[in-house]
Amino acid sequence: MTDPRQPGPRKAFGRLSLPERTFVTDALRTETVGGVLLLLAAVAALIWANIPALRDSYESVSDFHFGPGALGLDLSVAHWAADGLLAIFFFVAGIELKRELVAGDLRDPKAAALPVVAALCGMAAPALVYTLTSGLGGGSLAGWAVPTATDIAFALAVLAVIGTSLPSALRAFLLTLAVVDDLFAILIIAVFFTAELNFAALGGAALGLALFWLLLRKEVRGWYVYVPLALAIWGLMYNSGIHATIAGVAMGLMLRCDRREGEEHSPGEHIEHLVRPLSAGLAVPLFALFSAGVAVSGGALAEVFTQPETLGVVLGLVVGKMFGIFGGTWLTARFTKASLSDDLAWADVFAVATLAGIGFTVSLLIGELAFEGDATMSDSVKAAVLTGSLIATVIAAVLLKIRNAKYRRLIEEEERDEDLSGIPDVYEQDDPAYHLRMAEILERKAAEHRRLAREKAAERDALAEVAGGAGDEDHGPA
């Protein structure tokens, strides 16, 4: 028998199934809180790096080295944040991607086409905008990948700050888009930002990953087994020359994310639930704290719009992302069977596409890798990422506010639970038991209204009799 809570084939941005909606809601709640912390960390970094009395201390802390040098891990605080803590972020991204592939939208090729095409166009267009802008201006093409990334945590933080609630389908699209975006960003880092390889360390990392996979398949349990192994894999991957965050993604993809009989959550979902707060609440904000601290002044901001490289980053994030994602979505809907939900307009898709122009965590990371060895240009690109993200934020906030009343109505419809079953009514329309419950509720309400009608009629008749009696007395003989 078909589960009445699982709707049939849905339109693009149509209503999610209840299990998918529950997962998305829980995931985005954590990402939103983490995004607010990320926003606060970025602001703190800018303040710390721009107050003259504190600037030197920021640089001293960022450049402070520690770690086992014999293992090739004597790194600065900033490097530990970018190469170590971000591995946790990419580990969660790997689990998200695996879940989407086996249980989410990406498991169905027809449903996956929309976010995949939108993400690809949303990465290709910014890269093209950067290449044209920087190339025509005589600048370096090394930063072509900087504006290709979308920061889901920062985007959701913006939603939390401006008080806009997107319908669950649009929020799910934004999450899926960011997951696919992260996958291609990982591939870009692995392919284009690996200078030379240490094959011995790479072989050791591969053996460690094979052991990690074998232990998972044998269902060996215990954090004391996996955490030391994960640290060893990370250290070997770092020394191999491939960016160490790739180790996090690889381990995340190995976790089982499909539920077996009797399981409330799969191992991947359980581990993601445990690790996501660490990623969103600690790892990413600390990375932002030691990456977003760039000197900001009137002259520095003016240079963002005059240097071809930095202008390319800004235009890539604002214009490239906006039209790339919107264009990819429209083309998919135009030339495939996908169609927009009746509840939404293309203006909503355009607003989400603009919101995806907020590139922060991965954009900052790629900026550091692209201009490694050129501290001045690296800082300029960071300022460009912040500027482009801020412009995208303002535009998205305006567009989302304009549509806010529409969103509220959709959210209220999704949340309505008149039969008090704990399941929103929109997911029970095909369940006979729901309609029987509603019939009982309406019958009780009808009986109550009939009782009230009798009481009010009796009260009105009594008042009429009193008024009639008073009139007789007034007009009697003296």
Shortest non-hydrogen contact between C121 and G328, atoms and distance: SG-CA, 3.7 Å
Main-chain N/O of A383 paired to T387 side chain as donor or acceptor, under 3.5 Å: yes
Side-chain heavy-atom pair F89, V362 within 4.5 angstrom cut-off: yes
Heavy-atom side-chain proximity of D83 to T245 below 4.5 angstrom: no
Flag, side chain of S389 to backbone of F360, donor-acceptor distance under 3.5 Å: no
Steps toward side chain to side chain donor-acceptor pair (under 3.5 Å) verdict (S57, W48): CA-CA 8 Å; S57 66; W48 191 1; 2.9 Å; yes
Which atom of A396 lies closest to which atom of T354, heavy atoms considered: N-CG2, 3.7 Å
Atom CZ of R55: over 12 foreign heavy atoms under 6.0 Å: yes
Minimum heavy-atom distance T148-W144, with the two atoms named: CG2-O, 3.8 Å
Shortest non-hydrogen contact between P126 and G320, atoms and distance: CG-C, 3.7 Å
Criterion side chain to side chain contact (heavy atoms under 4.5 Å, CB included) on L365 and L86, from CA distance to verdict: CA-CA 9 Å; L365 175 61; L86 272 196; 3.8 Å; yes
NE2-OG distance between H65 and S76, expressed to the nearest 0.5 angstrom: 4.5 Å
Stepwise side chain to side chain contact (heavy atoms under 4.5 Å, CB included) test for V304 and S380: CA-CA 7 Å; V304 166; S380 297; over 6 Å; no
Side chain to side chain contact (heavy atoms under 4.5 Å, CB included) evaluation trace for L400 with D348: CA-CA 8 Å; L400 292 168; D348 301 308; over 6 Å; no
Audit row: R260, E219, salt bridge (charged side-chain N to carboxylate O under 4.0 Å, His left out) steps and yes/no: CA-CA 13 Å; R260 294 176 179 171; E219 298 187 353; 2.7 Å; yes
Result of checking I271, V275, V249 against V92 for side-chain contact (heavy atoms from CB on, under 4.5 Å): V275
Cationic N near anionic O, under 4.0 Å, E269 to R259: yes
Close side-chain approach of L73 to N239, heavy-atom, < 4.5 Å: yes
F290 and Y58 aromatic ring geometry - parallel, tilted or perpendicular at 30°/60° bounds: parallel
A142 versus A370, closest heavy-atom pair with distance: O-CB, 3.4 Å
Heavy-atom donor-acceptor pair, E309 side chain to S140 backbone, under 3.5 Å: yes
Presence of salt bridge, K98 and D258, under 4.0 angstrom: no
Heavy-atom donor-acceptor pair, H265 side chain to E263 backbone, under 3.5 Å: no
Parallel, tilted or perpendicular, as decided by the 30° and 60° cut-offs, for the rings of W234 and W80: parallel
Minimal non-hydrogen separation, P285 against S279, with atom names: CD-O, 4.0 Å
T332 side-chain N/O to L114 backbone N/O, donor-acceptor pair under 3.5 Å: no
Inter-residue atom distance L255.CG - H270.NE2, 0.5 Å rounding: 11.0 Å
From CZ (F371) to OG1 (T376), nearest 0.5 Å: 12.0 Å
Side chain to side chain, M322 and V319, heavy atoms closer than 4.5 Å: no
Main-chain N/O of M237 paired with S240 side-chain donor or acceptor, under 3.5 Å: yes
Polar side-chain atom of K321 near backbone of P147 as donor-acceptor pair, under 3.5 Å: no
Any L215 side-chain heavy atom under 4.5 Å of V225 side chain: yes
Under 3.5 Å: donor-acceptor pair, side chain of D181, backbone of T150: yes
Atom CD of E372 with >12 non-hydrogen neighbours under 6.0 angstrom: no
Value rounded to 0.5 Å, distance of CG in L37 from CG in L286: 10.0 Å
Side chain to side chain, L364 and F287, heavy atoms closer than 4.5 Å: yes
Between OH on residue Y130 and CG on residue L317, distance to nearest 0.5 Å: 11.5 Å
Under 3.5 Å donor-acceptor, Y238 side chain and G72 backbone: no
Side-chain touch V352/F326, heavy atoms, less than 4.5 angstrom: no
Side chain to side chain, D74 and P68, heavy atoms closer than 4.5 Å: no
Spacing of L216 atom CG and W213 atom CH2 [to the nearest 0.5 Å]: 9.5 Å
Step-by-step salt bridge (charged side-chain N to carboxylate O under 4.0 Å, His left out) determination, K382 to E368: CA-CA 8 Å; K382 288 181 182 180; E368 290 181 354; 3.3 Å; yes
From CA spacing to verdict: side chain to side chain contact (heavy atoms under 4.5 Å, CB included), I233, L229: CA-CA 6 Å; I233 293 170; L229 179 58; 4.0 Å; yes
